[in-house]
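Taking it in order: structure first as structure tokens, then the write-up.
Naming convention: chains lettered A, B, ... in sequence-line order (proteins, then strands); numbering from 1 in each chain.
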2 protein chains.
Amino acid sequence: MDTQWLDKDELGAWVGLVAVVELLPGVLDAQLRRDSGLTHFEYYVLAMLSEAPERTLRMTELAQQTNATLPRLSHVVRRLEERGVVERSPCPDDRRATNARLTGKGLAAIEAAAPGHVDNVRRHVIDALTRDQVSQLHDIAAALLERLDPNGLLTAVYERP
Amino acid sequence: MDTQWLDKDELGAWVGLVAVVELLPGVLDAQLRRDSGLTHFEYYVLAMLSEAPERTLRMTELAQQTNATLPRLSHVVRRLEERGVVERSPCPDDRRATNARLTGKGLAAIEAAAPGHVDNVRRHVIDALTRDQVSQLHDIAAALLERLDPNGLLTAVYERP
DNA sequence: CTGAATTAGTTGAAGGAACAACTAAACGCC
DNA sequence: GGCGTTTAGTTGTTCCTTCAACTAATTCAG
């Protein structure tokens, strides 16, 4: 079967998307590291915990919500624990499992980091788009995620009515 | 000044975009590594060289087009050179500079990798969208890149008429 | 000209991510 | 109810990225 190459419009959209995907992490990381001493991934871990009931999640669930492998998360959480923003404890229900819980210090850390982060997002993304484009982007992302993340693991937290 | 938080639509768009940015690199890397033994970044390096006149670019220019730091590119190109897909030579015009050139083997490698990659892009991105959405995404990406990449370094190659 | 500052690139060391191997608990089923 | 399988998580190794230090060539100022 012959390859179906991308036409001009498709190629433009694709190249643009790739460039955004390439550049955005650096922009997010740089601001968070500079102002809060957190990587974007660490910020996301803390954010997921802060939204969870009891500020607590099992490692596996947290890994799914942050798109991390379990080894990666394990290392990151260990480092976060050393810094006192997260605590780990064996899960009473299932003794194989570990619960990660955001500490008071961790809550303070993410609450301190959030305004600057949101500001950064606004400056680099939201404010660059018209309201219509924001709405279009919402739909486009949803369509893409249907394939990239069929179970909606990464976005589940924000999809409450 | 108080933080201006994101409203519902903005938050949806933002969370979706972050999820896409988080997931897409893994999808691209996985296919390319599996089928061609290249990371997406390596693929992009070879692609930029293949589009350049004489299949040759100076390290600095290549770094800009791929959004790499110079040290990163230097390491990657060294490894690619060890694999015989790229050659380095001192630039005659400016003896500080180094030219990287895609070898015949490198050209063969990227030509072999391209169909599977394009296929993957189509499956995961283009085919998930309507034609209108592809066009909207094109515009949205362009608007974002105006801030993320004001000089258009990453997309310059594909913007010839 | 000549010396200071800038630019191009490499190299080495340190930190983080992916992968593989491992431990331990729970499930499943006959 | 014991044995194989699956699930949860950690640990260690390897590879890649980032950062800092360095060399060498070029530019620019006086």
Side-chain angles (χ1 to χ4, degrees), chain A residues 21-34 37-46 49 56-83 86-101 153, chain B residues 21-34 37-46 49 56-83 86-101 153:
Chain A
V21 163
E22 192 65 36
L23 290 165
L24 204 47
V27 169
L28 303 180
D29 260 6
Q31 181 272 326
L32 281 168
R33 292 207 51 157
R34 178 166 45 78
L38 292 168
T39 65
H40 181 246
F41 180 72
E42 290 169 340
Y43 177 91
Y44 214 80
V45 167
L46 300 188
L49 287 174
T56 302
L57 283 173
R58 282 169 56 158
M59 292 292 283
T60 299
E61 203 172 345
L62 186 53
Q64 289 173 340
Q65 291 186 13
T66 57
N67 190 41
T69 60
L70 219 31
R72 178 183 181 189
L73 183 65
S74 184
H75 282 131
V76 169
V77 168
R78 178 179 46 68
R79 290 191 288 261
L80 290 173
E81 191 171 29
E82 283 163 7
R83 291 160 59 180
V86 165
E87 278 173 358
R88 278 187 292 189
S89 57
C91 175
D93 303 348
D94 183 338
R95 283 165 45 207
R96 292 171 300 182
T98 303
N99 283 327
R101 185 172 161 285
L153 297 173
Chain B
V21 164
E22 190 66 37
L23 290 165
L24 203 48
V27 169
L28 302 180
D29 261 5
Q31 182 272 325
L32 281 168
R33 294 209 50 157
R34 179 165 45 78
L38 293 169
T39 64
H40 181 247
F41 180 72
E42 289 169 340
Y43 177 90
Y44 214 79
V45 166
L46 301 187
L49 287 174
T56 302
L57 284 173
R58 281 169 55 156
M59 291 292 283
T60 298
E61 203 172 345
L62 185 53
Q64 289 172 342
Q65 290 186 15
T66 58
N67 188 42
T69 60
L70 217 33
R72 178 184 184 189
L73 184 64
S74 184
H75 286 299
V76 169
V77 168
R78 178 178 45 69
R79 290 191 288 263
L80 289 173
E81 192 171 30
E82 284 163 7
R83 291 160 59 179
V86 165
E87 276 172 359
R88 277 187 292 189
S89 57
C91 175
D93 302 348
D94 183 340
R95 281 164 46 209
R96 294 170 299 182
T98 304
N99 284 327
R101 185 172 161 285
L153 297 172

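- Using a 4.0 Å heavy-atom criterion, one finds that A:Thr98 contacts the sugar-phosphate atoms exclusively.
- Applying the side-chain contact (heavy atoms from CB on, under 4.5 Å) rule to A:Val21 yields the partners A:Leu17, B:Val21, B:Leu24, B:Pro25; only residues at least two apart in sequence or on another chain are considered.
- Under the 4.5 Å side-chain criterion, counting only non-hydrogen atoms from C-beta, A:Leu57 is not in contact with A:Gln64.
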Protein-proximity profile, nucleotides 17-24 of chain D, B/S/- by nucleotide at the 4.0 Å heavy-atom cutoff, equals BBBB----
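- Every residue was checked against the side chain to side chain donor-acceptor pair (under 3.5 Å) condition with A:Arg33, not counting sequence neighbours, and none meets it.
- Every side chain to side chain donor-acceptor pair (under 3.5 Å) that B:Asp94 has, sequence neighbours left out, goes to B:Arg96.
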Just the table, please: protein N/O against nucleotides 1-5 of chain C N/O, every pair under 3.5 Å.
none

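- Residues passing the ring-ring contact (aromatic ring centres under 6.0 Å, His included) test with A:Phe41, sequence neighbours excluded: none.
- Residues satisfying the side chain to side chain donor-acceptor pair (under 3.5 Å) test with B:His75, not counting sequence neighbours, are B:Arg78.
- In terms of position on DNA chain C, the residue among A:Glu42 and A:Asp93 whose nearest nucleotide sits closer to the 5' end is A:Glu42.
- Scored by the ring-ring contact (aromatic ring centres under 6.0 Å, His included) test, A:Tyr43 finds A:His117 as partners (sequence neighbours excluded).
- In this structure, the side chain to side chain donor-acceptor pair (under 3.5 Å) partners of B:Gln31, at least two apart in sequence or on a different chain, are B:Asp35.
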